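First the structure, in the form of structure tokens, and then the observations on it.
Every chain is numbered from 1, with letters handed out A, B, ... down the list of sequences. Treat the numbers as computed from the prediction; the structure is a model and nothing was measured.
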Number of protein chains: 2
Amino acid sequence: MQTKLPQSTIERLCLLFQFCAKLQAEGIARISSTGIGSALGIPAHTIRKDINYLGEVGDTGSGYEVSRLMGHLSEALGFNLPRRACVVGLGRLGSALLEYNRVLPPGFSIEAGFDSSINRLETIRTDIPLYPAYEISDVVRREAIELALLTVPAAAAADVAEDLVKGGIRGIINFTPAVISPSLEEVVVRNMNVVNELRFLSASIALRVSKSV
Amino acid sequence: MQTKLPQSTIERLCLLFQFCAKLQAEGIARISSTGIGSALGIPAHTIRKDINYLGEVGDTGSGYEVSRLMGHLSEALGFNLPRRACVVGLGRLGSALLEYNRVLPPGFSIEAGFDSSINRLETIRTDIPLYPAYEISDVVRREAIELALLTVPAAAAADVAEDLVKGGIRGIINFTPAVISPSLEEVVVRNMNVVNELRFLSASIALRVSKSV
DNA sequence: GCGTGTGAACTGGTTCACAGCG
DNA sequence: CGCTGTGAACCAGTTCACACGC
């Protein structure tokens, strides 16, 4: 059980897990590295290497058994552990994200929403408990929330991120254009910046590059 | 003017462009690679290498002049070109994205929204013209739309993507968990999958990895 | 023969270190 | 003397190729 997986391998394994879940839903029990590769648009060698980080999992000659593969993935990447998340900033995007609670795969749940505007907290209709922004660190700690979806205005992002860290957050998805560098090194930050992605597409087109991620 | 920029360089340069815009708004005219690096959380050498792909831009001994740097970036990555975009699938997320039209940087604009439900098209209040899904390829072509934000249900994603390609789309941001591999190789696809990002965070925590992107 | 597992070869992006110029 | 530009060194991840099991 390595701690040395390259980041890109982790990303691909997450994708693979999702894909396995889909296979399972379709009742497919077995899949080969070539099968996976073509479905995911990734070369088969890469898939095999990635899976090998988990130890020997496949049956030589006949591919991988989906359920066993998922088992190994779950164990290695902790997908069996429950993960409690929250949404911080309940503008259009943030309140749309609250709805994700319904489609989240087993294990993930959204346990809280935060906003600095009391008005908004009162307006939004949802089953998820909502709290004013100043309670962030308290609630995060009390509710054992590990993950945050950050959709506040850019100017507030850094401060809010610190509140989250104070509450003991472990990972943040940063939807704002601000750069977040938490005081705690262990906190993982992922950036999902629509505007920047648009820029990337625009640049790629301008350069006539082709390959994607 | 290279066409050989590594993908990660392009990503960093997009970030840099955004950062320069911010500097300019604050009236800062000059910045060194170290300054950029610490603001963006990227080592200074990397910044210098990245910028060098654009040719010589800095003034030895005194860093980069922000406006000139932006000029070079705009030219190399085509940020001066206008880019027309559309949103396909107007659920919670999609209709939230329509709002982005207000915050998009100069050059970018959202010119159309699509949904298969006429009901939705009639309900949503926006200045952006909305069309039924079957008009996608026509409208995309007629309106010279180059970029698409894809927020339809996963099951529909592949088909809709093909419609976009038929209309001549150049780049797609795929918010769905489906894997999009357009028939046209030139079409660039970027995946922004919230669920998968959550999985990635969860995995990173489980592995006690630290570094982000 | 098909398909996994894996050491070895390769590739290209990142890091380093220093020359050169203001 | 600070900071850029850049060739060279390094290294991680990807790709290859083949041995082995079914």
Side-chain angles (χ1 to χ4, degrees), chain A residues 1-16 20 23 28-66 68-69 71-73 76 200 207 209-213, chain B residues 1-16 20 23 28-66 68-69 71-73 76 200 207 209-213:
Chain A
M1 210 176 320
Q2 299 278 358
T3 174
K4 280 311 262 294
L5 313 213
Q7 170 157 322
S8 30
T9 293
I10 302 179
E11 286 169 0
R12 284 189 301 260
L13 289 177
C14 290
L15 220 57
L16 176 57
C20 284
L23 289 180
I28 297 168
R30 227 159 230 305
I31 185 90
S32 74
S33 60
T34 354
I36 298 170
S38 64
L40 262 41
I42 297 170
H45 350 130
T46 309
I47 301 287
R48 288 208 298 279
K49 251 283 152 63
D50 287 343
I51 294 180
N52 263 130
Y53 281 106
L54 315 175
E56 299 203 13
V57 172
D59 303 313
T60 335
S62 60
Y64 303 90
E65 190 190 316
V66 175
R68 199 147 77 87
L69 183 48
H72 281 257
L73 285 166
F200 180 92
L207 296 163
V209 170
S210 54
K211 214 38 199 307
S212 99
V213 172
Chain B
M1 209 175 321
Q2 298 279 357
T3 174
K4 280 312 262 293
L5 312 213
Q7 169 156 321
S8 32
T9 293
I10 302 180
E11 285 169 1
R12 285 190 300 261
L13 289 177
C14 289
L15 220 57
L16 176 56
C20 283
L23 289 180
I28 297 169
R30 223 158 232 309
I31 185 91
S32 74
S33 59
T34 354
I36 299 170
S38 64
L40 262 41
I42 298 170
H45 353 126
T46 308
I47 300 287
R48 288 209 296 279
K49 251 284 153 60
D50 287 343
I51 294 180
N52 263 128
Y53 281 106
L54 316 176
E56 299 203 11
V57 172
D59 304 312
T60 335
S62 61
Y64 303 89
E65 191 190 316
V66 177
R68 199 147 78 85
L69 183 48
H72 281 258
L73 286 166
F200 180 92
L207 296 162
V209 171
S210 53
K211 213 40 198 310
S212 98
V213 170

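Judged by distance alone, the side chain of Arg30(B) and the main-chain N or O of Ser62(B) form a donor-acceptor pair under 3.5 Å.
Across the protein-nucleic acid pair, Ile36(B) atom CD1 and dG5(D) atom P stand 10 Å apart, rounded to whole Å. Summarising the geometry, the separation between OH on Tyr53(B) and P on dT6(D) is reported as 12 Å, rounded to the nearest angstrom. Spacing between atom NE2 of His45(A) and atom P of dG5(C) amounts to 15 Å, rounded to whole angstrom units. The nearest whole Å value for the distance from the NZ atom in Lys4(B) to the C1' atom in dG13(C) is 13 Å. Taking atom CG of Leu5(A) as the reference point, atom P of dT14(D) lies 12 Å away to the nearest angstrom. The CZ atom of Arg30(B) sits 11 Å away from the C1' atom of dC3(D) (whole-angstrom rounding). Atom CG of Asn52(A) and atom C1' of dT14(D) are 14 Å apart (whole Å). Note: CG (Leu69(A)) to C1' (dT4(C)) measures 13 Å, nearest angstrom.
Residue Thr34(B) is out of contact with every strand shown, counting any heavy-atom pair closer than 4.0 Å.
Scanning both residues, Val66(B) and Ile28(B), for their nearest heavy atoms gives CG2-O, 3.5 Å. In terms of heavy atoms, Leu54(A) sits closest to Ala76(A) at CD2-CB, 3.5 Å. Closest non-hydrogen pair, Leu69(B) versus Cys20(B), comes out as CD2-SG, 3.8 Å. Residues Leu13(B) and Ile51(B) approach most closely at CD2-N, 4.4 Å, considering heavy atoms.
Side-chain proximity of Arg48(A) to dG5(C), dT6(D), dT14(D): nearest is dG5(C). Of the candidate nucleotides dT15(D), dT15(C), dC3(D), dT15(D) has the atom nearest to the side chain of Pro43(A).
Contact between the side-chain N/O atoms of Tyr64(B) and the OP1/OP2 oxygens of dG5(D) is found at a separation under 4.0 Å. For Thr46(A), no side-chain nitrogen or oxygen approaches OP1 or OP2 of dG13(D) to under 4.0 Å. Contact annotation: Arg12(A) reaches the phosphate of dT14(D) (side-chain N/O to OP1 or OP2, under 4.0 Å).
Between the side chain of Lys49(B) and the base of dG7(D) there is at least one donor-acceptor pair of N/O atoms closer than 3.5 Å.
Sequence order on DNA chain D of the closest nucleotides to Asp50(A) and Ser33(B) puts Ser33(B) first from the 5' end.
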